[in-house]
2 protein chains.
Amino acid sequence: MPDPTTCQFEGRPRRIVLTGAHRSPEYCLTCGVRSRSVCSALDDGDIARLAETAVETLVLPGRCFIEEGGPATDFFNITSGTVKLFKALPDGRRQITGFAGTGHFLGLAVSDHYAFGAEALDTVRLCRFSRARMRHLLDDFPRMERRLLEEASNELVAAQNQMLLLGRKTARERVASFLLDRMQDALDPTGIVPLPMTRADIADYLGLTIETVSRTLSWLRREGMIAIGKGHAIRIAAMARLETLASGDS
Amino acid sequence: MPDPTTCQFEGRPRRIVLTGAHRSPEYCLTCGVRSRSVCSALDDGDIARLAETAVETLVLPGRCFIEEGGPATDFFNITSGTVKLFKALPDGRRQITGFAGTGHFLGLAVSDHYAFGAEALDTVRLCRFSRARMRHLLDDFPRMERRLLEEASNELVAAQNQMLLLGRKTARERVASFLLDRMQDALDPTGIVPLPMTRADIADYLGLTIETVSRTLSWLRREGMIAIGKGHAIRIAAMARLETLASGDS
DNA sequence: TTCAGGCATTGATTCAGGTCAACTCTGCCC
DNA sequence: GGGCAGAGTTGACCTGAATCAATGCCTGAA
């Protein structure tokens, strides 16, 4: 069983080998990453050079692969799976600052120490670059820098939304906002929202306790706004009412 | 008197004229901005071209110059003064997502609408670029892009810290963290922390009410950790104890 | 099948911080 | 000086979410 307190890589890091399919700009390196990935900004030549420097890694669920405050040696591009990013206080209180999925970058820190930890929610595949190599790549591929800037800008907008949520929204508004955000992410028009994280993760993301998250979900169900399925999925039953609640119009 | 509900520029927008002093990389455009500014990443030629496209603007205290949700037409570099950045809910609840001072960039949004509002705390001078021009500049000056990426990364780290604060810290820990952050910003070794913002701004930044901010500052004073001076300044009297409090070690 | 352990739900109670209200302080205009 | 408005402080009380506690519900191991 993975020990979440240690911080190591699992699986079989290996050199990436490009095949025909991977030359398409809509696929990343070895692993079929979609348009959000690093490769959407690069051409075939770029990708060939990247392949020289990236290492594909498999991370098992529950395994922490970035340790908050640890030396920032690597840079990551997630190619499948979901990770949670978090910060912690000495007494154990935790705040999840975001969830990163396929195509997202990690480890952009300017400092030489990671400002946050990262842990795999499910089995995660990622491309790992040494930061030194990464710096050289940025010099060679201006498009890459453009991509990173775009990603960082998007994350800043998300962070500002989250600050509004954490600072000023009620528990009900927080949970409603969270469900809608997740639905946007899943791009599922049927209103089924996958929740690969535990109640504890949701609580740590929303600045609440697990009990409050649970009570609030039950309340949303009693009110007919959602239906709670088996196996960590929720169906949104009254989108409009949920949106009104999330925006704080009440 | 400025009307904070409308969103206009004050003063005398004008073309920027470079003089000898401004050619130095440690000064921005017209106005003596230090190393954090856009110019630290540019050489003389770059600066000369920038000067063609930037407009200097003076913003009066209390004036909102970026309206949340409004069309994102411009890009800004603050050359003096402090602004508050905020998001609001329909019923008036507000969250200040950050304070931006000399050298900071604003308006990096990927979307074509601003994701936050900005209002001058004191008299603010800034260099304004149209976003269309800005895009062309980024193509011409890769160094500029590097600078923006660095700035965005720093802001992301700050945002993550703020999420930890808003989601998991107590009122006392929040206020202590805030004072220490402000001191870092002011770079004043004597421990005098300038607070150009009102109690309401501090409250909206920390996710508290003005009453709680006031009570907490009074408590810190009674405990001997700070001394509250006249005219919006505070002296830190027991740095170590304040740091222990801020980090949540209690 | 049973048992153990993690996760989730629900109820009872507490408390940190919000709300409401009174008051002071300061600068400012007349 | 007097009066006024906005900012700040302090007290009394209330409430939303945390805390504490009990129970249910899976899943995997023996």
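Everything quoted here is computed from the prediction, not taken from an experiment. Residue numbering restarts at 1 for every chain, and letters A, B, ... go by the order of the sequence lines.
In this structure a side-chain-to-backbone donor-acceptor pair under 3.5 Å is missing from A/Gln160 to B/Phe116. A donor-acceptor pair is defined here as one N or O able to donate and one able to accept, closer than 3.5 Å; no such pair exists between the side chain of A/Asp122 and the backbone of A/Pro196.
An angle of 30°, rounded to 10°, separates the two end axes of the helix from C/dT1-D/dA30 to C/dC30-D/dG1, each defined over five pairs.
B/Thr198 comes within contact range of the sugar-phosphate backbone alone, with a heavy-atom separation under 4.0 Å but no base atom that close. Using a 4.0 Å heavy-atom criterion, one finds that B/Leu217 contacts no nucleic acid atom at all. Within the 4.0 angstrom heavy-atom criterion, only backbone atoms of the sugar-phosphate kind lie near A/Ser218; the bases stay farther away. Among the atoms of the strands shown, only primed sugar atoms or phosphate atoms (P, OP1, OP2) are found under 4.0 Å from some heavy atom of B/Leu208.
Using a 4.5 Å heavy-atom threshold, the side chains of A/Leu220 and A/Leu245 count as touching.
Between C/dG18 and B/Thr209, a contact under 4.0 Å exists linking OP1 or OP2 to a side-chain N or O. A sub-4.0 Å separation between OP1 or OP2 of C/dA8 and a side-chain N or O of A/Ser214 is absent.
In this structure, A/Glu223 does not pair ionically with A/Arg172, as no charged nitrogen and carboxylate oxygen lie closer than 4.0 Å.
Listed by chain and residue number, nothing satisfies the side-chain hydrogen bond (donor to acceptor under 3.5 Å, both in side chains) test with B/Ser111 (two or more places apart in sequence, or in another chain). Listed by chain and number, the residues in a salt bridge (Lys or Arg N to Asp or Glu O under 4.0 Å) with B/Arg168 are A/Asp204 (sequence neighbours excluded). For A/Tyr114, the ring-ring contact (aromatic ring centres under 6.0 Å, His included) test picks out no residue, with sequence neighbours left out. Applying the salt bridge (Lys or Arg N to Asp or Glu O under 4.0 Å) rule to B/Arg199 yields no partners; only residues at least two apart in sequence or on another chain are considered. Taking the side-chain hydrogen bond (donor to acceptor under 3.5 Å, both in side chains) definition, one finds that A/Asn161 meets it with B/Lys87, sequence neighbours left out. With sequence neighbours excluded, the residues forming a side-chain contact (heavy atoms from CB on, under 4.5 Å) with A/Leu156 are B/Ala152, B/Glu155, B/Leu156, listed by chain and number. For A/Thr82, the side-chain hydrogen bond (donor to acceptor under 3.5 Å, both in side chains) criterion is met by no residue, not counting sequence neighbours.
Nucleotides of DNA chain D that come within less than 4.0 Å of any heavy atom of chain B span, from the 5' end to the 3' end, D/dG8 to D/dA12.
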Under 3.5 Å between N/O atoms: give me all the protein pairs with nucleotides 12-16 of chain C, atom names plus distance.
from, atom 1, to, atom 2, distance (Å)
C/dA12, N6, A/Arg215, NH2, 3.4

Tabulated below should be each protein N or O lying under 3.5 Å from an N or O of nucleotides 22-27 of chain C; please produce it.
from, atom 1, to, atom 2, distance (Å)
C/dT26, OP1, B/Lys230, NZ, 3.0

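Both the sub-6.0 Å distance and the 45° axial angle are satisfied by B/Arg94 relative to the ring of B/Phe86.
When rounded to the nearest whole Å, the span between CD1 of A/Ile210 and P of C/dA8 equals 8 Å.
Applying the ring-ring contact (aromatic ring centres under 6.0 Å, His included) test to residues at least two apart or on different chains, the pairs with a partner in residues 167-216 of chain A are A/Phe99-A/Tyr205, A/Phe178-A/Tyr205.
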